[in-house]
Amino acid sequence: MMTYFPEEVVEHIFGFLTAHCDRNAASLVVQGVVPPAARLRRNCYAVRPERVAARFPAVRSLTVKGKPHFADFNLVPPDWGGLAAPWIEAFASSPTAAAAGGRGGRAGGGGGGAPLEELRMKRMVVSDECLETLARSFPNFRALVLISCEGFSTHGLAAVATHCRHLREIDLQENEIEDRGPQWLSCFPESCTSLMSLNFACLKGEINVAALERLVSRCPNLRSLRLNRAVSVEALSRILMKAPQLVDLGTGSFWVDHRSEAFHRLISAIERCKSLRSLSGFWDASPLCLPAIYPICSNLTGLNLSYAPAIQGSDLIKLIRHCWKLQRLWVLDCIGDKGLAIVASTCKELQELRVFPSDIYGAGSATVTEEGLVAVSFGCPKLHSLLYFCHQMTNAALITVANNCPNFTRFRLCILEPKKADPLTNQPLDEGFGAIVRSSKGLRRLSLSGLLTDQVFMYIGMYAKKLEMLSIAFAGDSDKGMLYVLNGCKNLRKLEIRDCPFGDGALLENVAKYETMRSLWMSSCDVTLGGCRALAAKMPMLNVEVINERTKAKSRGSPSDFHKVEKCVYRTIAGRGTTPRFVWIL
Amino acid sequence: MTKNMEKEAALRFGDGENFAATELRLGLPGTRERETATKVLPTGSKEGGTKRTATEIESNDFDREAKTQVVGWPPIRSYRRNTFRSMKRDEEKAGTYVKVSMDGAPILRKIDLEAYKGYKELREALEDMFKCFPSGESVRVDAREYAVTYEDKDGDLMLVGDVPWEMFITSCKRLRILRGLAPST
């Protein structure tokens with residue numbers, strides 16, 4: 001009977017267990033052995049929260065992801081699921097968790113209670129009630145990170161601020177948060193002095209600036225602060241004077257009359273922040289205000305201007321020229337190919353580049369093409385992570401990029417028009433992407449776009465041996481394409497496909513493969529209900545879900561097996577609980 | 001701060017997806033609840049107010065061949081889409097409202113340039129607001145007391161009245177009434 005194993009041994013054993021169901025079984029055996037410091041990551045339906053809480057009662061850090069990635073793009077209906085409440089309640093009320101925490105029982109303040117300290121959630125539905133439960137149940141709670149979540153309001157934040165005495169981090173990234181007033185910032189007690197990171201940039205409403213200033217004043221370890229649009233430049237200056245030790249800053253509204261005293265105060269305040277390495281925000285930024293940050297630009301390793309559409313062209317170029325230490329740059333495509341050429345000549349340390357589209361619904365005058373990317377590939381040899389939205393791409397350019405940058409770990413290219421061919425040759429982009437996967441042997445994540453045939457998938461299956469996540473849209477000719485990937489990519493964990501001609505044949509040919517994967521998403525492909533049923537029958541340990549929005553209105557009568565399925569998603573699962581009407585578990 | 005609050009007001013008191021309701025009005029805090037209620041819908045909602053634009057309504061979700069807007073394409077997170085959509089709406093709504101400052105007056109005003117037919121009406125409105133101009137003269141020529149100037153898109157300070165009215169309202173970002181400055185011509 002195992003009583004204690006060092007962490008390294010446990011991890012070593014776990015490394016041999018590739019199937020998720022095996023891992024669940026093994027976890028039962030080693031109950032209580034996982035050291036408290038270990039981080040647990042789960043998909044929210046991969047296993048029941050009560051089981052995790054029972055098995056790992058002493059866990060301090062939990063990460064849960066909810067909706068599939070394509071939910072980001074409105075492909076998953078609302079009410080699909082991904083609820084945070086069962087997870088929080090499971091850990092809050094687990095008796096073993098409470099026992100592991102100390103004297104047991106719910107804590108009013110200090111002493112026993114569940115030992116959970118950190119909770120990270122992505123694409124989950126979080127309610128104010130469960131934030132309140134969290135705040136009251138975990139006396140040592142320190143860090144809350146919510147990414148692309150929804151369903152809660154500033155009242156939930158108030159509960160966390162009020163009850164979590166040792167709070168170090170509140171990081172809210174791109175969530176939809178209902179604004180119910182600015183009081184939450186005033187809820188941090190005077191005794192709260194431990195904050196290190198506070199990010200509320202995605203909050204839409206007003207905030208209590210005075211309360212924020214007091215909070216910043218009493219938290220000397222504050223390193224990361226990201227404000228929302230409601231915070232003016234004047235307020236920002238005052239805050240920076242109180243927190244010159246900041247390493248990461250997200251500005252609020254970055255607009256002020258550049259001839260005013262306020263502008264000069266801003267410059268002085270920013271100049272004092274000698275430790276500042278990363279900047280973001282720039283809401284409503286006017287180019288005339290940019291000189292305020294010139295003094296610290298040469299220290300910056302990270303810069304995010306992707307929410308500042310008014311900063312373009314020559315102003316943007318002037319700014320970039322100051323930032324020669326940049327490692328991470330997020331910009332809008334109004335930087336243009338010319339701007340990217342300046343990035344290439346200035347930012348020799350660049351590792352990650354993201355170029356977002358500024359005009360999603362129109363043609364857009366200022367955009368980027370393959371030229372910008374090629375320039376960056378020549379100038380920035382350390383580039384390994386790319387997200388690039390552009391209007392066109394050529395095979396020649398991709399081959400050049402592949403030759404210049406053999407170290408890509410993440411390569412996501414989005415040509416805005418689906419199925420667009422190489423404009424020079426009218427050929428598909430198979431060869432270009434083929435060159436990328438051939439040269440970047442460490443590639444872990446890949447997103448494809450443009451006109452693509454089965455050939456590109458053959459290359460991916462042949463060369464992308466370390467690939468873990470692949471996103472495909474409007475590509476391929478036949479089932480062969482999907483099979484190349486399933487058969488060839490040994491390390492594939494997540495595969496998401498939309499609008500491709502892959503059908504039941506591809507789905508059912510290599511079902512054993514799914515045991516080694518975390519999830520498969522197919523929407524608007526040629527998979528039928530019969531195919532999904534066959535998959536579910538062949539692999540009873542898998543969860544096969546069919547989401548069929550169209551039939552929400554129809555109540556009875558099971559559709560024929562030949563009925564084309566709109567969406568189907570699979571995960572290994574131990575029981576999902578309630579499902580919405582439009583989701584069928586097969 | 002005030003520029004931001006104006007934009008927030010525009011967001012808060014107008015129903016984002018109903019383009020007819022573009023009228024800016026100052027409401028009591030209670031009127032916020034209507035707007036925030038629609039915003040509670042999950043971002044994935046097809047029925048929700050945050051998702052659709054005119055072009056998206058036209059597209060057939062299940063027609064893969066549609067060259068116009070396709071659901072979920074380009075693959076940009078809802079949060080980013082929604083943020084840009086509201087930024088664009090802010091620009092359109094707040095487009096012709098400009099601040100008016102006067103030397104010596106600590107509190108600024110705001111006017112909608114499109115509410116006036118020409119320089120004469122503008123002048124009258126400014127007089128009324130600040131109650132200090134001698135009456136009757138044209139905007140440009142009051143060398144004794146005040147010069148009405150404006151800040152254009154490039155940030156330059158210009159004298160009001162030189163260009164045709166239509167051009168003026170598109171390029172004027174802000175009005176400044178300056179004291180004791182004589183126009184050079």
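The structure presented is a predicted model; accordingly, all values stated were derived computationally and were not measured. A, B, ... follow the sequence lines: proteins, then strands. Residue 1 opens every chain.
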Quick one: are Phe474(A) and Val70(B) in side-chain contact, heavy atoms under 4.5 Å? yes

Beyond-backbone contact of Pro75(B) with Asp72(A), side-chain heavy atoms, under 4.5 angstrom: no

To check you understand the geometry: which heavy-atom pair defines the closest contact between Tyr307(A) and Met87(B), and what is its length? O-CE, 3.5 Å

Heavy atoms only, distances under 4.5 angstrom: which of Ser148(A), Ser306(A), Ala235(A), Ser153(A) has the most pairs with chain B? Name it, please. Ser306(A)

Please determine if Asp257(A) and Lys99(B) form a salt bridge, counting it only when a charged side-chain N lies under 4.0 Å from a carboxylate O. no

Straight-line distance of Glu174(A) CD to Asn82(B) CG, nearest 0.5 Å: 10.5 Å

Given a strict heavy-atom distance threshold of 4.5 Å, which part of Phe70(A) is in contact with chain B: side chain, backbone, both, or neither? neither

Does any heavy atom of chain B fall under 4.5 Å from the side chain of Leu332(A), the backbone, both, or neither of them? side chain

Non-hydrogen atoms of chain B under 4.5 Å away: do they reach the side chain of Ile415(A), the backbone, both or neither? backbone

Would a 4.5 Å heavy-atom cut-off, applied to side chains only, mark Tyr79(B) and Ile147(A) as touching? no

Pro309(A) versus chain B, heavy atoms under 4.5 Å apart: side chain, backbone, both or neither? side chain

Pairwise distance CD(Glu150(A)) to OG(Ser78(B)) - rounded to 0.5 angstrom: 8.5 Å

Answer with side chain, backbone, both or neither: which region of Arg259(A) has an atom nearer than 4.5 Å to a non-hydrogen atom of chain B? side chain

Give a yes or no answer on whether the side chain of Trp73(B) reaches the backbone of Leu416(A) with a donor-acceptor pair at less than 3.5 Å. yes

Quick check: closest heavy atoms across Leu75(A) and Val71(B), and the distance to 0.1 Å? CD2-CG1, 3.8 Å

